[in-house]
2 protein chains.
Amino acid sequence: MSRKTLEQAGICPVATTINLLSSKWKILIMRDLLTGKKRYSELKTSVVGVSQKMLTQSLRELTADEIVDRTVYPEVPPRVEYSLTPLGESMRPVIDAMADWGSEYLATHPQAMPKNEGDQ
Amino acid sequence: MSRKTLEQAGICPVATTINLLSSKWKILIMRDLLTGKKRYSELKTSVVGVSQKMLTQSLRELTADEIVDRTVYPEVPPRVEYSLTPLGESMRPVIDAMADWGSEYLATHPQAMPKNEGDQ
DNA sequence: CGGGATCCTAGCTGATACTG
DNA sequence: CAGTATCAGCTAGGATCCCG
């Protein structure tokens with residue numbers, strides 16, 4: 001359950017950011033939350049390929065790091081909504097930069113996909 | 001040796017970027033190459049905590065994806081230099097955004113480090 | 001110096017079952 | 001609905017030893 005902290009976090013700004021956004025799932029979750037609050041089941045669908053275990057774990061870590069807010073509505077059936085905290089919101093430029101680069105890449109590299117080949 | 005490709009890469013720009021910058025090591029390598037070409041041993045030192053295996057593997061994948069250039073000087077002892085390709089250079093805004101966010105975070109969150117505790 | 005080859009473990013996926 | 005729990009199977013990654 002423990003996360004591995006880069007030794008340079010706290011020294012290098014890039015390492016610090018990586019530390020908090022440490023997995024691909026977290027970044028994809030951020031991408032989706034940047035467009036507004038989402039329910040657990042919505043994220044499960046929109047973050048294509050994520051397992052329920054990793055979604056839960058990622059959300060817990062993001063919440064612990066105060067990047068994501070978790071709101072529980074005491075209803076039946078229960079409803080839980082996830083949204084970005086101000087700190088999470090402040091990461092928008094980071095995700096945007098990735099989106100911009102990805103767009104440009106897709107536009108200029110026709111059907112380019114990893115050259116290292118092979119996977120499902 | 002195969003990399004896992006996110007199903008959404010090719011559709012979602014963010015997923016596309018993650019796919020090519022798929023590990024923390026690659027990002028840290030990029031950070032270091034953005035300041036100029038580096039030798040293998042220099043990277044081994046500057047990318048604190050990376051294992052030789054992961055450094056080699058990351059460099060190979062970055063090279064295959066044409067983000068990094070690998071130049072071998074046929075000398076004795078051998079010398080190999082790594083540098084960014086134009087495509088790699090174009091990722092500068094992405095790394096910069098991460099650096100900026102990290103700097104701000106470090107400045108506003110005194111000695112903040114992951115709350116999930118424990119590692120290494 | 002710049003890796004390649006091995007071994008071994010932590011962590012992820014996927015499936016299934018259960019709960020407040 | 002939004003999880004928790006568990007277990008098998010695979011793989012990413014760390015450690016170590018070796019080589020041209």
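Convention: sequence-line order gives letters A, B, ...; per-chain numbering from 1. These numbers come from the heavy atoms of this one structure, side chains and all, not from hydrogens, waters or symmetry mates.
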For A/K44 and A/E42: C-alpha separation, side-chain torsions, deciding distance, then whether salt bridge (Lys or Arg N to Asp or Glu O under 4.0 Å) applies. CA-CA 5 Å; A/K44 184 73 179 65; A/E42 292 182 285; over 6 Å; no
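- A/Y73 is not connected to A/V68 by any chain of hydrophobic side-chain contacts under 4.5 Å among Ile, Leu, Val, Met, Phe, Trp and Tyr, and they are in different clusters.
- Rounded to whole Å, atom C1' of C/dA15 lies 17 Å from atom CG of A/L55.
- Proximity of B/V47 to B/D32: side-chain heavy atoms (C-beta onward) are separated by under 4.5 Å at one or more points.
- Per the geometry, CD belonging to B/E42 stands 16 Å off C1' belonging to C/dG3, to the nearest Å.
- Residue A/W25 places at least one side-chain N or O closer than 4.0 Å to OP1 or OP2 of C/dT13.
- The nearest whole Å value for the distance from the NZ atom in B/K38 to the P atom in C/dC1 is 17 Å.
- An OP1 or OP2 oxygen of D/dA15 is reached within less than 4.0 angstrom by no side-chain nitrogen or oxygen of B/S51.
- The closest side-chain heavy-atom distance from B/D69 to B/K37 is not below 4.5 Å.
- When the side-chain nitrogen and oxygen atoms of B/R39 are compared with OP1 and OP2 of C/dG2, one or more of them lie within a distance under 4.0 Å.
- At a non-hydrogen distance threshold of 4.0 Å, A/R70 from residues 67-74 of chain A come into contact with DNA chain D.
- Here the side chain of B/Y40 is nearest to one of C/dC12, C/dG2, D/dA2, namely C/dG2.
- For A/S41, a side-chain nitrogen or oxygen approaches OP1 or OP2 of D/dA2 to under 4.0 Å.
- B/Q57 contributes no side-chain N or O that forms a donor-acceptor pair with the base of C/dG4 under 3.5 Å.
- The distance from the CE atom of A/M91 to the CG atom of A/D96 is 11.5 Å, given to the nearest 0.5 Å.
- The separation between A/K44 atom NZ and D/dC1 atom P is 13 Å, rounded to whole Å.
- Contact check for A/H109 versus B/L87: side-chain heavy atoms found under the 4.5 Å cut-off.
- Between B/R60 atom CZ and D/dA12 atom C1' there is a gap of 18 Å when expressed in whole angstrom units.
- The CE atom of B/M54 sits 9 Å away from the P atom of D/dA12 (whole-angstrom rounding).
- Atom CG of B/L59 and atom C1' of C/dC1 are 14 Å apart (whole Å).
- B/Y82 has a side-chain polar atom (N or O) that falls below the 4.0 Å cut-off from OP1 or OP2 of C/dG3.
- Rounded to whole Å, the distance from NZ on A/K24 to P on C/dT13 is 6 Å.
- Distances were taken from every side-chain heavy atom of B/Q52 (C-beta onward) to each of D/dA5, C/dA5, C/dG2; the shortest belongs to C/dA5.
- Looking only at side-chain heavy atoms (C-beta outward), B/L20 and A/W101 come within less than 4.5 Å of each other.
- Using a 4.0 Å heavy-atom criterion, one finds that A/K53 contacts the bases of the nucleic acid, with or without backbone contacts as well.
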